[in-house]
Amino acid sequence: MIQPFNLIDISDLYLGKKRPKSILKKMNDIEKTLTYIISMVICSLRTWDGLPKELEKRKYIIEYLLFWYGQAVLIKRNDLYLFLPCYQSSELNIYGEGTRYYAYGLNGTSFGEVYVRDKYDLEMNLTNKQDAVLFRNNTYNIPQYFFMRPLIARLVYIWQSMGIQNGLNRIKLLIYANTGLSGKIKDVIDDIINNEDITCVVPTEASTSLLEDVKETNFGGEYDPINNWTDFDKTFNLLLSLSGVKTNAEQNKKERQTRTEITSKDLFTEQCKYTSNQMRDIAIDECKEIFGLNLSYKDVVEEKIKEETIEYAKAFTGGEGGEGFQKSQNQKDDFKNTGSKK
């Protein structure tokens with residue numbers, strides 16, 4: 001079971017510096033909520049097959065570690081395969097690649113050094129043979145959360161701004177009163193004007209200039225959430241696109257998007273996903289070479305679309321499998337070229 005952790009510094013929990021109790025108090029924080037939701041979506045984008053039996057029940061662990069750590073290693077100890085986070089030593093080969101890494105468990109257990117590349121001396125004699133496979137989230141081994149964090153901060157800002165704007169708009173009367181009298185004064189005025197949107201400001205030693213600050217506050221501004229939600233929507237979609245998730249959602253656009261609009265966004269999303277897939281494909285090839293494992297992964301969404309497309313083709317043409325799909329595609333092409341179905 002994945003433990004809750006501090007999203008600002010996840011190592012704190014694993015090292016025992018942070019208590020889950022202090023973290024649970026922040027569960028209502030919109031930043032944490034958005035982070036958990038989006039991370040669950042991204043970590044479930046791919047499903048892995050061909051894993052050794054000891055990892056079969058932990059299929060989530062590959063995408064989970066790559067999301068939070070950016071890199072992890074597959075190693076073998078006493079005929080058991082382990083997939084663990086790791087950190088790089090200062091040892092590089094002539095291509096600037098790290099050759100030696102240190103693997104460790106999420107509970108802090110150290111598994112020592114492993115070699116993810118063959119090591120050669122100056123005479124190009126092999127001194128250490130590769131005995132582990134490095135999985136990388138992208139070219140620079142950067143965690144996916146790194147790309148999310150500034151955009152999540154933007155989402156939180158928009159979310160909070162809407163709340164502040166709504167709150168200011170609802171305040172009809174602002175009362176400046178002493179602590180003991182604020183409640184009574186509010187009740188009396190409420191009875192007179194029959195309006196509950198009254199806020200009492202109680203002066204303190206630290207708020208001697210509060211009245212001057214209040215004068216600069218605009219309580220009469222119009223509450224217009226549409227623009228804020230549009231900004232939130234676009235930021236949210238950009239965040240998911242950077243992680244290879246297609247959304248194509250436009251709240252402020254009533255009509256359907258054109259094919260060109262959808263395709264242009266898909267190209268950027270596909271390119272972002274390709275950079276991650278490319279690194280995973282390299283790791284898959286090395287797993288076959290080093291351990292003889294035949295690993296593979298599937299895009300969950302694409303597999304679902306493929307299944308639905310085949311079902312559509314069968315229903316549309318009466319054909320079976322690929323034949324029905326091909327016939328359907330030919331009919332679409334004919335319609336595109338001639339304007340009529342055949």
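Numbers for residues simply follow the sequence, beginning at 1.
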Exercise. Would you say the side-chain atoms of K288 and N294 include a donor-acceptor pair closer than 3.5 Å?
Worked result: yes
Problem set entry | Validation row: L293, L74 side chains within 4.5 angstrom (heavy atoms) | yes
Exercise. Side chain of T109, backbone of G105: donor and acceptor closer than 3.5 Å?
Worked result: no
Exercise. Between E54 and Y81, does any side-chain donor sit less than 3.5 Å from a side-chain acceptor?
Worked result: no
Exercise. Regarding N137 and Q144, is there a side-chain donor-to-acceptor distance under 3.5 Å anywhere?
Worked result: yes
Problem set entry | Side chains of I38 and I42 in contact at under 4.5 Å (non-hydrogen atoms) | yes
Exercise. For Y120 and N128, what are the C-alpha separation, side-chain angles and deciding distance, and is it a side-chain contact (heavy atoms from CB on, under 4.5 Å)?
Worked result: CA-CA 7 Å; Y120 297 87; N128 294 91; over 6 Å; no
Exercise. Just by modelled atom types, is the R100 backbone N or O under 3.5 Å from a matching donor or acceptor in the S89 side chain?
Worked result: yes
Exercise. Should we count CG of N125 as having more than 12 external heavy atoms under 6.0 Å?
Worked result: yes
Problem set entry | Side chain to side chain, S39 and W68, heavy atoms closer than 4.5 Å | yes
Problem set entry | Backbone of K119 reached by a side-chain donor or acceptor of T127 within 3.5 Å | yes
For this session: Taking the side chain as every heavy atom from C-beta outward, state whether L51 and F83 have any atom pair closer than 4.5 Å.
Result: no
Problem set entry | Aromatic ring proximity, centroids under 6.0 angstrom, F111 and Y104 | no
Exercise. Which of these passes salt bridge (Lys or Arg N to Asp or Glu O under 4.0 Å) with E56: R58, K59, K53?
Worked result: K59
For this session: Among residues two or more places apart or on two chains, list those pairs meeting salt bridge (charged side-chain N to carboxylate O under 4.0 Å, His left out) that have a residue in residues 60-76.
Result: R46-E63, E63-R280
Seminar exercise, completed: SG of C287 to CD1 of I282, rounded to nearest 0.5 Å, is 12.0 Å
Problem set entry | Closest heavy-atom pair and its distance - A103, C86 | CA-CB, 4.2 Å
Exercise. Does the side chain of V116 reach to within under 4.5 Å of the side chain of F135, using non-hydrogen atoms?
Worked result: no
For this session: Check whether F291 and V114 end up in the same hydrophobic cluster, where Ile, Leu, Val, Met, Phe, Trp and Tyr are linked by side-chain heavy atoms less than 4.5 Å apart.
Result: no
Exercise. When you look at L134 and Y101, which way does the side-chain contact (heavy atoms from CB on, under 4.5 Å) test go after all the steps?
Worked result: CA-CA 9 Å; L134 178 66; Y101 280 72; 3.6 Å; yes
Exercise. If you round to the nearest 0.5 Å, how far is CD1 of I62 from CG of L55?
Worked result: 7.0 Å
Exercise. Taking a hydrophobic cluster as the set of Ile, Leu, Val, Met, Phe, Trp and Tyr residues connected by side-chain heavy atoms closer than 4.5 Å, whether directly or through intermediates, do V41 and F147 fall within one such cluster?
Worked result: no
Seminar exercise, completed: Closest non-hydrogen contact found for S44 with V300 is O-CG2, 3.5 Å
Exercise. Heavy-atom distance under 4.5 Å between the side chains of K273 and D299, does that happen here?
Worked result: yes
For this session: For Y69 and L106, run side-chain contact (heavy atoms from CB on, under 4.5 Å): C-alpha distance rounded to whole Å, both residues' side-chain angles, the deciding distance at 0.1 Å, then the answer.
Result: CA-CA 11 Å; Y69 294 86; L106 294 179; 3.5 Å; yes
Problem set entry | Pair E289, Q130: side-chain N/O donor-acceptor within cut-off below 3.5 Å | no
Exercise. So how far is it from D231 CG to Y157 OH, rounded to the nearest 0.5 Å?
Worked result: 9.5 Å
Exercise. So, do F232 and T235 sit near enough that their side-chain heavy atoms are less than 4.5 Å apart?
Worked result: no
Exercise. Measuring from N228:CG to D233:CG, what's the distance to the nearest 0.5 Å?
Worked result: 12.5 Å
Exercise. Can you hop from L242 to I152 via hydrophobic side chains spaced under 4.5 Å?
Worked result: yes
Exercise. Side chains of F67 and M148: does their closest heavy-atom pair fall under 4.5 Å?
Worked result: yes
Seminar exercise, completed: So salt bridge (charged side-chain N to carboxylate O under 4.0 Å, His left out) across residues 127-137, not counting sequence neighbours, yields none
For this session: State the CG-CE distance between L45 and M40, to the nearest 0.5 angstrom.
Result: 13.0 Å
For this session: Measure the spacing between OG1 of T269 and CD of Q271 and express it to the nearest 0.5 Å.
Result: 10.5 Å
Exercise. Do the side chains of I284 and Y64 join up, straight or via other hydrophobic residues, at under 4.5 Å, putting them in one cluster?
Worked result: yes
Seminar exercise, completed: Tightest non-hydrogen contact, residues A283 and V133, listed as O-CG1, 3.6 Å
Exercise. Counting only N and O atoms by type, is there a donor-acceptor contact under 3.5 Å from the side chain of N78 to the main-chain atoms of L80?
Worked result: no
Exercise. Can S241 and F268 be said to form a side-chain contact (heavy atoms from CB on, under 4.5 Å), step by step?
Worked result: CA-CA 7 Å; S241 294; F268 173 73; 4.1 Å; yes
Exercise. Do L66 and I61 belong together in a cluster built from hydrophobic side chains that touch within less than 4.5 Å?
Worked result: yes
Exercise. Any ion pair linking R117 and E91 (charged N to carboxylate O, less than 4.0 Å)?
Worked result: no
